[in-house]
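Letters A, B, ... mirror the listed sequences (proteins, then strands); counts begin at 1. Side-chain atoms are counted along with the backbone in the values below, which use heavy atoms only and exclude waters and symmetry mates.
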2 protein chains.
Amino acid sequence: MPRAGLGPATVIAAGADLADEVGFDALTMGLLAERLGVRTPSLYRHVESLDALRRGIALQAKRELGDEAARAAVGRAGPDAVHAFADAYRRWARDHPGRYTASLRAPAAGDEEDRRVSDESVRALFAVVAGFGLHDDDAVDAARALRSAMHGFASLESAGAFGLPRDVDRSYHALIDTLVSGLRAGSPRSAGT
Amino acid sequence: MPRAGLGPATVIAAGADLADEVGFDALTMGLLAERLGVRTPSLYRHVESLDALRRGIALQAKRELGDEAARAAVGRAGPDAVHAFADAYRRWARDHPGRYTASLRAPAAGDEEDRRVSDESVRALFAVVAGFGLHDDDAVDAARALRSAMHGFASLESAGAFGLPRDVDRSYHALIDTLVSGLRAGSPRSAGT
DNA sequence: GCTTTTAGCTAATCACATTAGCTTCTGTCC
DNA sequence: GGACAGAAGCTAATGTGATTAGCTAAAAGC
């Protein structure tokens, strides 16, 4: 029997693809093995466990999502950059439902690599926010606000939570617009409230 | 052997409590049975399956969260009402991590009761938004924006995604403030963008 | 060609969900 | 007060999916 020529990277990549098809939670070692033309136990030569596989997919997804959104904002500034970033974020989430779910996994306590990758993916967002002249606490608030909004919207949308007929694209645009307007208002935030 | 006096409601309620302790995904029939002082198969007298149990917990959670947030906004109006609603939402999510995860389950296709409960929980939010004089598409956009923001923030927070030292309460307040300001601006949204 | 390494395999174990079928409370009807 | 129907619990058994043990043979280094 000729060998399949697998490796950790191949297995994780195939797992990510499969997760997009059947859902991150429905991903099973048996299913993935079948997809790769191999018997289930053989996968354990390349990944330590199902949990390790999930972690690998999560890391890959975080990197991909971060890169994709960051790339979209390159060469743009201000509101334009935010919209490009936000649109790319949502599109990626929609196009890769399994990976997106994976990307939401919080790093396990003590998992330095995962924490680093997760932080990394936020850096691009900070860069975009910095274009508004926000600093320190205001920049953190703004980045958190944008991240919450993008994640919340994408997550509700992928869960099918928006039942009403109103155009979802427009609602998203309106949300991002509102936040952008808030950013423009400058930093009257750090004082009061 | 004296009977335990269980019933669907008791079992689901205990399941919700247990989910808050061990995590919604780690909830297992065996664990719940042990908690109730009963052998695993006995639970099947009261709930059809693990999936039905999860659905029951989700329904209960959606009702509780909706009620809690709605109650907080009673007797208030405008920005005040939004903040009260949003604070109650986040507090509940933080105090009931297992239930909160459950509440995010999208209704299965064709599950009318679940859909109704889910819709119901959004109604209170619409009422709050209506206080700003928004109608139709603008009201939908506003409700979606608030929901996305609250959910996104609560979800990222509960996943431990906010690593920086900046006070998380303040960031949340800033986010809600920004959205409220956007609402106040009226409805210049439906036209452009 | 020979040895070492190691990918992939089969067989076996384990954890949990779930089903089948038996036993024993419990409330109700006489 | 006792007999009965129905339901609540139980034990035993099945099935699926993860994981481990140990064997075999393909690949790589010599």
- Message: What's S49(B) touching, base or sugar-phosphate or nothing? Going by heavy atoms closer than 4.0 Å.
- Response: sugar-phosphate

- Message: Does S42(B) reach a base, just sugar-phosphate, or nothing at all? Heavy atoms under 4.0 Å.
- Response: base

- Residues within residues 5-19 of chain B bordering DNA chain D, heavy-atom distance below 4.0 Å: G5(B), L6(B)

- Query: Do any N or O atoms from the side chain of S42(A) and from the backbone of V38(A) form a donor-acceptor pair under 3.5 angstrom?
  - Reply: no

- Hey, does the side chain of D141(A) reach the backbone of A174(B) with a donor-acceptor pair shorter than 3.5 angstrom? no

- Message: Using every non-hydrogen atom in the two residues, find where A61(B) and S103(B) come nearest and quote the distance to one decimal.
- Response: CB-CB, 4.0 Å

- Message: Regarding K62(A) and S118(A), do their side chains bring together a donor and an acceptor under 3.5 Å, going by distance alone?
- Response: yes

- Query: Cut-off 3.5 Å, side chains only: do D167(A) and S171(A) have a donor facing an acceptor?
  - Reply: no

Looking only at the side chain of [X] (C-beta and beyond, no hydrogens), which of the listed nucleotides [options] gets closest?
{"X": "M29(B)", "options": "dA20(C), dA17(C), dA21(D)", "answer": "dA17(C)"}
{"X": "T28(A)", "options": "dA18(D), dT11(D), dT19(D)", "answer": "dA18(D)"}
{"X": "R39(B)", "options": "dA17(C), dC10(D), dT10(C)", "answer": "dC10(D)"}

How close or far is atom [atom2] of [N] from atom [atom1] of [X], stated in whole angstroms?
{"X": "Y44(B)", "N": "dT11(D)", "atom1": "OH", "atom2": "P", "value": "16 Å"}
{"X": "R55(B)", "N": "dA17(C)", "atom1": "CZ", "atom2": "C1'", "value": "19 Å"}
{"X": "L27(A)", "N": "dA18(D)", "atom1": "CG", "atom2": "P", "value": "9 Å"}
{"X": "L43(A)", "N": "dG8(C)", "atom1": "CG", "atom2": "P", "value": "9 Å"}
{"X": "L53(A)", "N": "dG17(D)", "atom1": "CG", "atom2": "P", "value": "16 Å"}
{"X": "E48(B)", "N": "dA8(D)", "atom1": "CD", "atom2": "C1'", "value": "17 Å"}
{"X": "L36(B)", "N": "dC10(D)", "atom1": "CG", "atom2": "P", "value": "11 Å"}
{"X": "E34(B)", "N": "dC16(C)", "atom1": "CD", "atom2": "P", "value": "11 Å"}

- Item | Qualifying residues under side chain to side chain contact (heavy atoms under 4.5 Å, CB included), relative to R91(B), sequence neighbours excluded | D87(B), D95(B)

- Item | Residue met sooner reading DNA chain D from 5', once R45(A) and V38(B) are mapped to nucleotides | V38(B)

- Measure up the Y100(B) and Y89(B) rings against each other and bin them: parallel (under 30°), tilted (30 to 60°), perpendicular (over 60°). perpendicular

- Query: Reckon T40(A) has a side-chain N or O less than 4.0 Å from the OP1 or OP2 of dG17(D)?
  - Reply: no

- Message: For a quick test of reading the model: is some side-chain N or O of H46(B) closer than 4.0 Å to OP1 or OP2 of dA7(D)?
- Response: no

